[in-house]
Amino acid sequence: MLVKTYGSAVYGVEAITITVEVNVMKGAEYFIVGLPDSAIKESLQRVESALKTNGYGMPRTKLVINLAPAGLRKSGSAFDLAIALGILAASRQLDETETLKDYVFMGELNLDGSIQPVRGALPIAITSRREGFKGLIVPKQNSREAAIVDSLPVYGVEHINEVIEFIRTGSSLKPVQVNTHEEFLNAQHNFDFDFSDVKGQESIKRALEIAAAGGHNVILVGPPGAGKTMLAKRLPTILPPLTLQEALETTKIHSVAGKLPVNATLIARRPFRAPHHTISDAALVGGGSNPQPGEISLSHNGVLFLDELPEFKRNVLEVMRQPMEERRVTISRATTTIDFPSSFQLISSMNPCQCGFYNHPTRACSCLPGAVQKYLNKISGPLLDRIDMHVEVTPVTFTELARLKSGESSASIRERVIRARAIQNQRFAPHPGIYCNAQMNSRLLKEVCVIDAAGNNMLKTAIDKLNLSARAYDRIVKLSRTIADLAASESIEPEHLAEAITYRSLDRENWGG
C-alpha cells in the first residue's frame, strides 16, 4: 500500500516541503531513496525501535521510502516522525491516511518513541502556511517558535503516541497560543548591560553613539584593560530596536543554526556575536557539506565583535570583505547555491602594538623599532578601508574611577540614535536596501553630502597636514553626515567635519612611527 506523509527540509533560511512516500510491497528489504544522508538512512533503526516499544510492528516485507523531490539532498533526523507515520499507515496499522495529508510532521524519534527538537521550525511553519496545510506538528520544544506564524495551527508533542492519538481522534492536542506582539515588545529593552555602568570614557561613548546612529563599523585601539570589550558589549543597548520584520529574519537564521533557546519565540533584541580569534573562515562566513550560517549571518541585524583583530588569521578576515559590502554571503556547492543574509555592524578591538603599551600615558612600550607598524599591518588595507571609525581608547586612572559618578544611561543615548535614524529613514526612503549613512554608495554620497567651500578647505588641509590617505575622504564625509543628523542639522557644517576627521587615526601615515 502506498501512503504519503509530509515533512520539510531547510535550505539556507528557507524551507521546502518534502513528500515522504512509503510503499509496502512483496520482498524482504528496506530502502530509503531520494538522496538521504547517513542520519536519514539510520532512521529505520530508530523508527523500528520506537514502534515496537509502543506496541506496533515493522512490516516484514519490502519497504521503500522515497523523499521527494528526489533530486534535492536531504539531511538530518527530523524526518523520523513522518517516516514512522507513513510506515504505520502503509502497513494498515493506522487507517486515517486522509488526515495525514493535511499536516506537516517534524521530529526526531528516540528509541522509546519520545520526540527530540529539530532545527528550522520557523521557516518550516512559514512554508507550511503558504502551501495551505491545516496544521504543523513539531516537538514541544519547537512549538512556541513555530506558533508565531499566524493562521497556522501548531501542535507541540513529546511522544509518538500523542501524534497517533491525534490522527485517530483529532481532539487530544490543542494548538499552541503565542501572543507574539506582546512578547516581542516586553523583551526588546531587557539588556544585561548598560552604558551607565561605564565611568569616564565620554569621548568613546560619543564615538559609539555616532557609530550606532549611522551604522558605521568601528575599531577600538587601546592598551589592555582600557575598557574596549566592556564598551563594545554595550553597543547593542543603544541601537534602534528591531522591527518585527527584522526580528523574523534574525529568528529564522538562529532557528536554522539551532541557536534558539528551548521554548523561545522571537529574537527581540539585536544579536551580539563575539567569536574567538581561532575561528575558521567557514565558521565565520558559513559553510559545510550541508551549508549552515556562520557568525556573520548569526549577527545579521546586530553586532559582530572581533576582539584582538590582528590575532585572527588573515584569510579569515579577508573572507569578510565581500559580505560586508553586499550584506549577504553566498555559499556555492556542486549541486546548490545558498544565500545567507549578513547585514551586520562590525566592531573590533586591538592593542596598539604587540606588547600593548604604545602611546600609553604611564607605561613604556617595549616593542622594537618598526614593530608597531608591523603589528598594524596584520590587518589588510582593504579590510581597514571598510571600517569607518578608528577610536583610540585610553585607560581611566584609579583617581578618576573613584571620583566619577555613573554615566548616561543607554536609554537616553538610544533616544538620540533613534531620532538620527528616523532622519536617515526618510532620506533613503526612495532607495530600497539602504537604511543608514554607512550604506551610502558613491552616487548617493554626492547627492546627500553636499559640502561648502569652507568644509572642502578643511578637508584638504586635514589630508595634507595629517597625511590622511585618499580612502579616508568618503569615510569622513559619511561620518560627518551622521554627526549632522545627531545634531538635527540639514547641512554638514565645519564642526561636523572636524569631529569626523578625528576618527581616522589609523589612516595617518605617521601612525606607529
Side-chain angles (χ1 to χ4, degrees), residues 7-18 34-40 67 69-79 106 118-127 217 245-260 267 270-306 309 312-346 348 380 382-383 386 433 439:
S8 193
V10 176
Y11 295 91
V13 292
E14 303 298 332
I16 298 175
T17 298
I18 301 297
L35 293 183
D37 69 350
S38 296
I40 296 177
L67 306 178
L72 291 176
R73 184 165 295 279
K74 325 299 187 307
S75 62
S77 55
F79 296 104
M106 297 298 296
V118 299
R119 295 184 178 187
L122 178 56
I124 289 170
I126 293 172
T127 299
N217 298 326
Q245 182 60 38
E246 287 176 329
L248 282 168
E249 291 176 359
T250 306
T251 305
K252 283 171 67 176
I253 297 169
H254 284 248
S255 173
V256 168
K259 301 294 184 182
L260 280 183
I267 291 179
R270 294 190 180 274
F272 179 87
R273 305 292 300 183
H276 193 260
H277 64 258
T278 57
I279 191 172
S280 67
D281 51 356
L284 186 66
V285 302
S289 56
N290 177 34
Q292 294 293 308
E295 289 292 336
I296 64 173
S297 294
L298 291 171
S299 57
H300 179 63
N301 291 324
V303 176
L304 177 66
F305 176 46
L306 301 183
L309 190 65
F312 285 78
K313 296 176 184 176
R314 192 179 183 98
N315 67 301
V316 172
L317 296 179
E318 293 306 299
V319 296
M320 287 201 308
R321 286 160 48 183
Q322 186 175 357
M324 286 175 68
E325 290 290 328
E326 298 182 357
R327 305 198 301 278
R328 178 170 295 275
V329 58
T330 302
I331 299 172
S332 297
R333 294 291 180 266
T335 58
T336 185
T337 299
I338 293 175
D339 285 342
F340 290 114
S342 60
S343 180
F344 61 91
Q345 185 171 356
L346 175 66
S348 54
S380 70
L383 179 62
R386 289 162 171 79
Q439 297 172 352

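Side chains are part of it too, since the values below use all heavy atoms of this structure and drop only hydrogens, waters and symmetry mates.
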Give the minimum heavy-atom separation between [X] and [Y], together with the two atoms involved.
| X | Y | answer |
| --- | --- | --- |
| Pro275 | Phe312 | O-CZ, 3.7 Å |
| Leu67 | Pro36 | CD1-CB, 4.5 Å |
| Ser77 | Ala39 | N-CB, 4.4 Å |

Just jot down the side chain to side chain contact (heavy atoms under 4.5 Å, CB included) partners of [X], sequence neighbours excluded, or say none.
| X | answer |
| --- | --- |
| Ile338 | Pro291, Thr336, Phe340 |
| Thr251 | Leu122, Leu260, Leu266, Ile267 |
| Gln439 | Arg327, Ser343, Ile434, Tyr435, Cys436 |
| Thr337 | Thr330, Ser332 |

**Message:** As a test of understanding, state which of Ile253, Val329, Val13 forms a side-chain contact (heavy atoms from CB on, under 4.5 Å) with Pro293.
**Reply:**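 Among the candidates, only Ile253 passes.
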**Message:** Just to verify, which of Glu325, Met324, Glu326 counts as forming a side-chain contact (heavy atoms from CB on, under 4.5 Å) with Gln322?
**Reply:**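 Exactly one pass, corresponding to Glu326.
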**Pairwise distance OG(Ser342) to NE2(His300) - rounded to 0.5 angstrom** =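 If I round to the nearest 0.5 Å, the distance is 8.0 Å.
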**Request:** Please round to the nearest 0.5 Å and tell me the distance separating atom CZ of Arg119 and atom CE of Met106.
**Result:**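 So the gap between those two atoms works out to 12.5 Å.
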**Request:** Might you confirm whether atom CZ of Arg73 has over 12 heavy atoms from other residues, nucleotides or ligands at distances under 6.0 Å?
**Result:**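 Check fails, neighbour count at 12 or below.
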**Request:** Tell me, please, which residues at least two apart from Lys74 pass salt bridge (charged side-chain N to carboxylate O under 4.0 Å, His left out).
**Result:**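 Once residues adjacent in sequence are excluded, Lys74 has no partner under the salt bridge (charged side-chain N to carboxylate O under 4.0 Å, His left out) criterion.
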**Prompt:** What do the steps show when you test Thr127 against Ile16 for side chain to side chain contact (heavy atoms under 4.5 Å, CB included), and what is the final call?
**Reply:** CA-CA 7 Å; Thr127 299; Ile16 298 175; over 6 Å; no
**Asked** Can you list the steps and then say if Arg273 with Leu304 is a side chain to side chain contact (heavy atoms under 4.5 Å, CB included)?
**Response** CA-CA 5 Å; Arg273 305 292 300 183; Leu304 177 66; 4.2 Å; yes
Distance-only, no hydrogens or angles: does the [X] side chain make a donor-acceptor pair with backbone N or O of [Y] under 3.5 Å?
| X | Y | value |
| --- | --- | --- |
| Ser255 | Ala121 | yes |
| Asp37 | Gly76 | yes |
| Ser299 | Phe272 | no |

Which pairs would a plain distance check flag for residues 277-287, meaning a side-chain donor or acceptor within less than 3.5 Å of a matching protein atom at least two apart in sequence or in another chain?
unit_1	atom_1	unit_2	atom_2	d
Thr278	OG1	His276	ND1	2.9
Ser280	OG	Ala283	N	3.2

**Message:** Applying side chain to side chain contact (heavy atoms under 4.5 Å, CB included) to Leu317 and Arg314, what does each step give before you reach the verdict?
**Reply:** CA-CA 5 Å; Leu317 296 179; Arg314 192 179 183 98; 5.8 Å; no
**Item:** Salt-bridge present (Glu318, Arg321; N to O < 4.0 Å)
**Value:**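 The answer is yes: the pair qualifies as a salt bridge.
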**Prompt:** Got Leu306 and Met320 here, is their nearest side-chain heavy-atom distance under 4.5 Å?
**Reply:**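 Answer yes - side chains close enough.
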